[in-house]
Amino acid sequence: MNTSSVVHIGINQYHGAQKLIGYSEQDRLRHMYMIGKTGVGKSTVYQNMCLQDIKNGEGICFIDPHGESIDWLLERIPANRLEDVILFDPSDDTFPFGLNLLEARTEQEKDFLVSECIQIFYKLFDPNKTGIIGPQFEHWLRNAALTVMAGPDGGSILEIPKLFIDPEFELRKRSYLTDPLVIEFWTKQMAKTSDFHKSEMLNYFMSKFGHFMNNSLMRNIIGQHRSSFTFDSLIHQKKILLVNLSKGKIGEMNAHMLGLILISKLQAAILKRANLAPSERHPFYLYVDEFQNFTTDTFISLLSESRKYGLGVHITNQYLAQLPEPIKDSVLGNVGTLVSFEVGIEDATILAKEFEPLQPHNFMGLPRFNFYIKLMINGKTSSAFSGIGLPPEASIGGSSTKENIQTLSRLAYGSPRLLVEERVNRQLQNL
Ligand SMILES: Nc1ncnc2c1ncn2[C@@H]1O[C@H](COP(=O)(O)OP(=O)(O)OP(=O)(O)O)[C@@H](O)[C@H]1O
Ligand SMILES: [Mg+2]
């Protein structure tokens with residue numbers, strides 16, 4: 001298999017000559033960020049690139065908040081890669097996939113995922129850190145999550161509240177603990193906590209977890225102990241993970257939760273790759289549309305260093321005001337390749353500084369599908385030049401390919417709803 005394939009981002013026209021804009025493996029590990037108003041062709045650029053990756057035999061994950069890019073890709077998967085596709089469509093309630101944030105193999109991974117769990121709760125319930133979630137909640141959540149994970153069967157975040165109302169469950173889980181700090185949390189702190197304070201805390205937990213517990217679709221996915229796939233093997237086997245997070249079908253909060261869990265688990269797997277010999281670390285490519293909804297701060301900091309992990313990230317959104325200030329700075333400062341389609345005056349002013357000597361007006365009147373790019377070439381960012389997106393490729397398989405993949409994925413990765421429901425309800429008994 002060709003391990004250093006180049007993908008094409010678009011076409012550059014210069015003095016009448018047309019040239020494809022190539023983007024090579026090493027440069028892709030420095031990541032790409034794309035911005036532009038609605039309808040200018042952002043998703044199409046990523047769809048086209050991702051399809052090239054798929055044809056080149058690469059491993060990819062595409063997180064799509066609308067579902068249209070996934071549908072587009074599904075109609076174009078070549079026959080030799082059909083069996084590599086994992087289609088995760090949470091709205092398919094007949095064969096729910098399992099996705100357990102708290103499933104970890106090593107102590108290091110446990111700590112990482114618990115920290116991510118806390119960050120996810122901040123992101124969903126207190127994005128501006130106003131105190132809705134504070135150090136007290138963090139402390140309880142950290143210890144409770146580590147306790148739920150203990151033991152041969154592990155546990156899911158949905159069982160966290162159960163620790164505080166089911167003494168038998170609490171004791172059973174505690175019997176597996178080995179970490180002295182977590183043991184002390186129960187034997188010293190919790191033993192002294194009044195029932196009143198405990199029930200206050202429980203209400204607080206329930207107000208956050210209740211949202212996911214009362215929704216059968218989410219319960220059947222994030223309540224399962226075993227995830228349907230692990231990112232370790234997915235990356236190792238160069239699979240194609242297509243995630244349809246269409247909000248209309250599953251609700252915005254649920255879509256964000258699932259995206260955040262997926263990216264946290266992907267990161268946990270990626271971090272472990274630092275131990276692999278570089279020759280074994282073949283690249284894995286991640287595409288995230290409207291990425292601001294699906295990423296925690298850890299992910300953004302990973303952008304500055306994930307080169308050594310063999311992850312190439314492609315992110316996009318419509319305008320910079322959607323991004324909190326530190327994330328905006330970190331993205332603009334850390335990605336190797338920056339692409340801007342037409343934007344409004346505010347973003348044009350900021351982008352002009354990144355794309356010197358271009359001026360704000362250059363970005364404001366760009367025709368559809370046209371962009372400016374600063375491209376990472378052999379480890380160095382180029383000067384700005386212009387490009388135009390490649391038109392979407394014609395479909396090859398139509399809807400029958402999509403249906404075949406849907407069936408294959410359900411059978412290989414999902415479980416029948418009744419079975420899942422029975423198992424998850426048993427785990428959540430007494431809640
Ligand atoms: N280079 C191109 N040539 C022809 N048609 C294109 C090209 N690029 C995109 N399109 C078409 O333009 C439409 C909008 O493109 P796309 O969905 O990629 O925009 P977008 O920037 O992702 O918008 P949004 O921010 O709303 O998601 C689509 O129907 C797509 O097929
Ligand atoms: Mg789009």
Side-chain angles (χ1 to χ4, degrees), residues 7-14 17-23 31-54 60-77 89 242-249 252 255-256 259 263 285-295 313-323 327-328 331 335 337-348 350-351 362-373 375 385-399 402:
V7 294
H8 300 122
I9 298 176
I11 302 166
N12 170 247
Q13 292 177 327
Y14 188 69
Q18 293 202 338
K19 215 177 136 204
L20 285 166
I21 304 170
Y23 190 27
H31 320 303
M32 170 166 175
Y33 172 58
M34 192 162 61
I35 185 168
K37 286 182 172 176
T38 180
V40 290
K42 301 182 299 297
S43 301
T44 304
V45 166
Y46 281 166
Q47 287 164 201
N48 283 331
M49 288 170 67
C50 186
L51 183 59
Q52 295 171 60
D53 281 333
I54 291 172
I60 67 101
C61 168
F62 199 119
I63 296 190
D64 176 10
H66 305 294
E68 287 154 15
S69 296
I70 298 299
D71 284 344
W72 187 92
L73 286 164
L74 284 173
E75 291 181 3
R76 290 163 179 81
I77 306 284
D89 180 353
L242 304 178
V243 186
N244 182 341
L245 291 183
S246 175
K247 295 184 269 252
K249 291 189 190 160
E252 194 164 25
H256 292 175
I263 293 193
Y285 297 114
L286 171 69
Y287 294 86
V288 193
D289 210 335
E290 283 187 26
F291 82 100
Q292 76 280 6
N293 296 321
F294 305 113
T295 53
V313 175
H314 309 74
I315 48 182
T316 180
N317 71 320
Q318 291 181 348
Y319 47 95
L320 291 170
Q322 290 171 318
L323 311 178
I327 299 212
K328 183 186 82 187
V331 167
V335 297
T337 294
L338 193 58
V339 171
S340 175
F341 287 87
E342 184 191 15
V343 292
I345 172 86
E346 231 174 281
D347 286 347
I350 299 170
L351 289 164
N362 291 117
F363 298 93
M364 289 162 61
L366 275 171
R368 268 177 109 194
F369 318 142
N370 284 252
F371 55 77
Y372 282 107
I373 179 168
L375 177 67
F385 62 95
S386 65
I388 178 162
L390 297 163
E393 210 172 283
S395 133
I396 51 167
S399 53
K402 183 179 158 183

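Remember, it's 1-based here, ligands and their atoms both numbered in the order they're listed.
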Kindly indicate, with the supporting measurements, whether the criterion side-chain contact (heavy atoms from CB on, under 4.5 Å) is fulfilled by Phe62 and Asp53.
CA-CA 11 Å; Phe62 199 119; Asp53 281 333; over 6 Å; no
Protein non-hydrogen atoms only, distance under 4.0 Å: does atom 31 (O) of ligand 1 have such a neighbour?
yes
So, regarding His66 and ligand 1 (criterion: nitrogen or oxygen to nitrogen or oxygen, under 3.5 Å), is there a contact or not?
no
Please walk me through it: do Lys19 and Tyr14 pass side-chain contact (heavy atoms from CB on, under 4.5 Å)?
CA-CA 8 Å; Lys19 215 177 136 204; Tyr14 188 69; over 6 Å; no
Which distance, rounded to the nearest 0.5 Å, do you find between the OG1 of Thr316 and the CD1 of Ile35?
7.5 Å
Which residue and heavy atom of the protein sit nearest atom 13 (C) of ligand 1, plus the separation
Arg368 NH2, 3.6 Å
To the nearest 0.1 Å, how far is atom 26 (O) of ligand 1 from its closest protein heavy atom, and which atom is that?
Thr38 OG1, 2.5 Å
With a 4.5 Å cut-off on side-chain heavy atoms, are Ser246 and His66 touching?
no
For atom 8 (N) of ligand 1, grab the closest protein heavy atom and report residue, atom and distance to one decimal in Å.
Phe369 CD2, 3.2 Å
Please check whether Pro392 reaches ligand 1 - meaning an N/O of the residue sits under 3.5 Å from an N/O of the ligand, judged on distance alone.
no
What's the shortest distance from atom 1 (N) of ligand 1 to any protein heavy atom, and which residue and atom give it?
Gly389 O, 2.9 Å
Atom 19 (O) of ligand 1: the protein heavy-atom neighbour that sits closest, reported with distance to 0.1 Å
Gly41 N, 3.1 Å
Among Met34, Lys42, Gln47, Glu342, whose heavy atom sits nearest atom 25 (O) of ligand 1?
Lys42
Taking the six-membered ring for Trp, are Tyr46 and Tyr287 parallel (under 30°), tilted (30 to 60°) or perpendicular (over 60°)?
perpendicular
For atom 28 (C) of ligand 1, find the nearest protein heavy atom and state the residue, atom name and distance (0.1 Å precision).
Thr44 OG1, 4.4 Å
Let me see the working for Asn48 and Trp72 under side-chain contact (heavy atoms from CB on, under 4.5 Å), right down to the final yes or no.
CA-CA 10 Å; Asn48 283 331; Trp72 187 92; 3.5 Å; yes
Tell me the protein heavy atom at minimum distance from atom 14 (C) of ligand 1, and give that distance in Å.
Gly39 O, 3.7 Å
Would you find a donor on one side and an acceptor on the other, under 3.5 Å apart, between the side chain of Lys42 and the backbone of Lys37?
yes
Heavy atoms only, cut-off 4.0 Å: how does Asp289 contact ligand 1, side chain, backbone, both, or neither?
neither
Counting from 1, what ligand 1 atoms have a heavy atom of Pro391 closer than 4.0 Å?
1 (N), 2 (C), 3 (N)
Report yes or no: does a heavy atom of Gly36 sit under 4.0 Å from some atom of ligand 1?
no
For ligand 1, which atoms sit closer than 4.0 Å to a heavy atom of Gln318?
24 (P), 25 (O), 26 (O)
Less than 6.0 Å separating the ring centroids of His256 and Phe294?
yes
Answer yes or no: are there more than 12 heavy-atom neighbours, outside Gln322 itself, under 6.0 Å from its atom CD?
yes
Metal check, the Mg ion (ligand 2) vs Thr316 N/O/S, cut-off below 2.8 Å:
no
Can you tell me the protein heavy atom closest to atom 27 (O) of ligand 1 and the distance?
Ser43 OG, 3.9 Å
Between Leu390 and Ile11, does a side-chain contact (heavy atoms from CB on, under 4.5 Å) hold up when you go through it step by step?
CA-CA 7 Å; Leu390 297 163; Ile11 302 166; 3.5 Å; yes
Do Ile263 and Phe291 have side chains that approach each other closer than 4.5 Å (heavy atoms only, starting at C-beta)?
no
